[in-house]
Amino acid sequence: GIGPVIAPEIVESWQKVRVLADLVKFLAKHEITFGYAMRIWRGFKHTALSRIQTNPYSIIECFGIGFAIADKLGQAMGLTGDDPRRIGAGIIHILDIAAGDGHCYLEQQALLKKVVELFGELNGDNLIITPDMVQERLYQMLPEQDLHGAFVNENGWPVMMENGRVYRGYLWLAEDSVARDLIRLAGYSREQNQMINWDEVIGQLNRVYAHELNRPDFELHEKQINAIRTAVTSGRCVIVGGPGCGKSTIIKSIIRVYR
């Protein structure tokens, strides 16, 4: 027979299948394909259908769902072209495009302009979305603060604004976390590393790499040497550069110095 351990698992599995089936059926009615339905399911799980019924444009938060699909669903469900939920999805869409181009944020005025242009292309002369309408919706999307100034529900911010710069919420959190770590690292003392004989250390590193790479004339570049010294003697150091510029060699050298 079915024991007390297996029975709840069967019930749970059946409930998941039923909820997924309801979601697929609902989306199919609005001509959203099964493939997109599964992406939405993976993003929202059992809350998918209720979230869609509240705000069909919320699916833009799911991986692989763009503004076009969200807009198709929103219009199929009868939302008007100037619905705040549609404008909000447009804001997220423009910020996601910027993120794909390598930008963590857009200046507020640049964002408003791009969102207005987006809806201008979609709506034509039938419906005008103004910068004021976009700005009003943007402010509605910003996180609330409690009495102590702390942000409420920080994991659910769709957007964040700081000093006129508008971020996707997750990118602002990432940037804020990195900044806090850099401040923390800046307070660490590296006085003991100031006494290193760098001529000797760099000479040893050059000999090691010359042997490993079978290049007898190998020498670290001056910029690589400066990066190694800065990392070892400072509380913080950010190393950037394109492919093939020697970042990996710098990291390996820092590790070897500490060894």
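We number each residue from 1, following the sequence as shown.
With values rounded to the nearest 0.5 angstrom, Ile254 atom CD1 is found 12.5 Å from Lys252 atom NZ. For the atom pair CG (Leu138) and CD1 (Ile91), the distance works out to 5.0 Å, reported to the nearest 0.5 Å. Here Glu200 contributes atom CD and Gln204 contributes atom CD; the two are 5.0 Å apart, rounded to the nearest 0.5 Å. The structure places CG of Leu182 at 9.5 Å from OG of Ser177, a figure rounded to the nearest 0.5 Å. Taken to the nearest 0.5 Å, the CG atom of Leu79 stands 7.5 Å off from the CG atom of Asn55. How far NZ of Lys114 is from CD1 of Ile94: 7.0 Å, rounded to the nearest 0.5 Å.
The two residues Ala99 and Tyr170 make their nearest non-hydrogen contact at CB-OH, 4.3 Å. Thr233 approaches Trp198 most closely through the heavy-atom pair CG2-CZ2, 4.0 Å. The two residues Ser58 and Phe44 have their closest heavy-atom pair at O-CZ, 3.3 Å. Nearest approach of Ile129 to Gly81, heavy atoms of both residues: CD1-O, 3.9 Å. Considering all non-hydrogen atoms of both residues, Met77 and Ile52 come closest at CE-O, 3.7 Å. Across every non-hydrogen atom of Ile60 and Ala89, the tightest pair is CD1-O, 3.4 Å.
Using a distance-only test at 3.5 Å, with no hydrogens or angles considered, no donor-acceptor pair links the side chain of Gln135 to the main chain of Asp132. Side-chain atoms of Ser234 come within 3.5 Å of backbone atoms of Thr230 as a donor-acceptor pair (strictly under, hydrogens ignored). Panel note: side chain Asp101, backbone His103; no donor-acceptor pair is recorded below 3.5 Å. Checking side-chain atoms of Thr130 against main-chain N and O of Met133 turns up a donor-acceptor pair under 3.5 Å.
Two residues are said to be in side-chain contact when any heavy atoms from C-beta on lie closer than 4.5 Å; Leu106 and Arg165 fail this criterion. For the pair Met160/Leu171, no side-chain contact is recorded, criterion being any heavy-atom separation below 4.5 Å from C-beta on. In this structure, Ile59 and Ile32 have side chains that are not in contact, with every pair of non-hydrogen atoms separated by 4.5 Å or more. Looking at heavy atoms from C-beta onward, Arg51 lies out of side-chain contact with Ile40 at the 4.5 angstrom threshold. Looking only at side-chain heavy atoms (C-beta outward), Tyr209 and Ser253 come within less than 4.5 Å of each other. Counting heavy atoms from C-beta outward, Cys237 and Ile239 have side chains that approach closer than 4.5 Å. Trp172 is listed as a side-chain neighbour of Glu162, based on a closest heavy-atom distance under 4.5 Å. A heavy-atom distance below 4.5 Å is found between the side chains of Trp41 and Val19.
Sorted by first and then second residue, the pairs that involve residues 209-232 and meet salt bridge (charged side-chain N to carboxylate O under 4.0 Å, His left out), not counting sequence neighbours, are Glu212-Arg256. Applying the salt bridge (charged side-chain N to carboxylate O under 4.0 Å, His left out) rule to pairs touching residues 24-40 yields nothing, sequence neighbours excluded. Annotation: side chain to side chain donor-acceptor pair (under 3.5 Å) contacts involving residues 76-85, sequence neighbours excluded, comprise Thr80-Asp82, Asp83-Arg85.
Taking the ring pair (Phe, Tyr, Trp, His ring centres under 6.0 Å) definition, one finds that Tyr36 meets it with nothing, sequence neighbours left out. Listed by chain and residue number, Tyr167 satisfy the ring pair (Phe, Tyr, Trp, His ring centres under 6.0 Å) test with Tyr105 (two or more places apart in sequence, or in another chain). Residues passing the side chain to side chain donor-acceptor pair (under 3.5 Å) test with Arg168 are Glu61, Asp96, sequence neighbours excluded. Every residue was checked against the side chain to side chain contact (heavy atoms under 4.5 Å, CB included) condition with Glu121, not counting sequence neighbours, and none meets it. Applying the side chain to side chain donor-acceptor pair (under 3.5 Å) rule to Gln75 yields the partners Asp71; only residues at least two apart in sequence or on another chain are considered. Phe26 is linked by a ring pair (Phe, Tyr, Trp, His ring centres under 6.0 Å) to His30, counting only residues two or more places apart in sequence or in another chain. With sequence neighbours excluded, no residue satisfies side chain to side chain donor-acceptor pair (under 3.5 Å) with Glu107. By the side chain to side chain donor-acceptor pair (under 3.5 Å) test, Gln140 is found to be paired with Arg137, residues two or more places apart in sequence or in another chain being considered.
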Output a table of donor-acceptor pairs, distance under 3.5 Å, between side-chain atoms of residues 242-251 and any protein atom two or more places apart or on a different chain; print 'none' if there are none.
unit_1, atom_1, unit_2, atom_2, d
Lys247, NZ, Gly241, O, 2.9
Lys247, NZ, Gly242, O, 3.0

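Grouping the Ile, Leu, Val, Met, Phe, Trp and Tyr side chains by contacts below 4.5 angstrom, directly or via other members, places Phe63 apart from Ile65. The hydrophobic clustering, which links ILVMFWY residues whose side-chain heavy atoms are closer than 4.5 Å, places Val208 and Tyr258 apart. Under the 4.5 Å side-chain heavy-atom criterion for ILVMFWY residues, a single connected hydrophobic cluster contains both Leu213 and Ile255.
At most 12 heavy atoms of other shown residues, nucleotides or ligands fall within 6.0 angstrom of atom CG in Asn214.
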With side chain to side chain contact (heavy atoms under 4.5 Å, CB included) as the test, would you mind laying out the steps for Ile87 and Glu136 before giving the verdict?
CA-CA 10 Å; Ile87 297 174; Glu136 180 180 1; over 6 Å; no
How far apart are the C-alpha atoms of Phe67 and Leu122, what are their side-chain angles, what is the distance that settles it, and do they pass the side chain to side chain contact (heavy atoms under 4.5 Å, CB included) test?
CA-CA 11 Å; Phe67 180 80; Leu122 295 174; 3.4 Å; yes
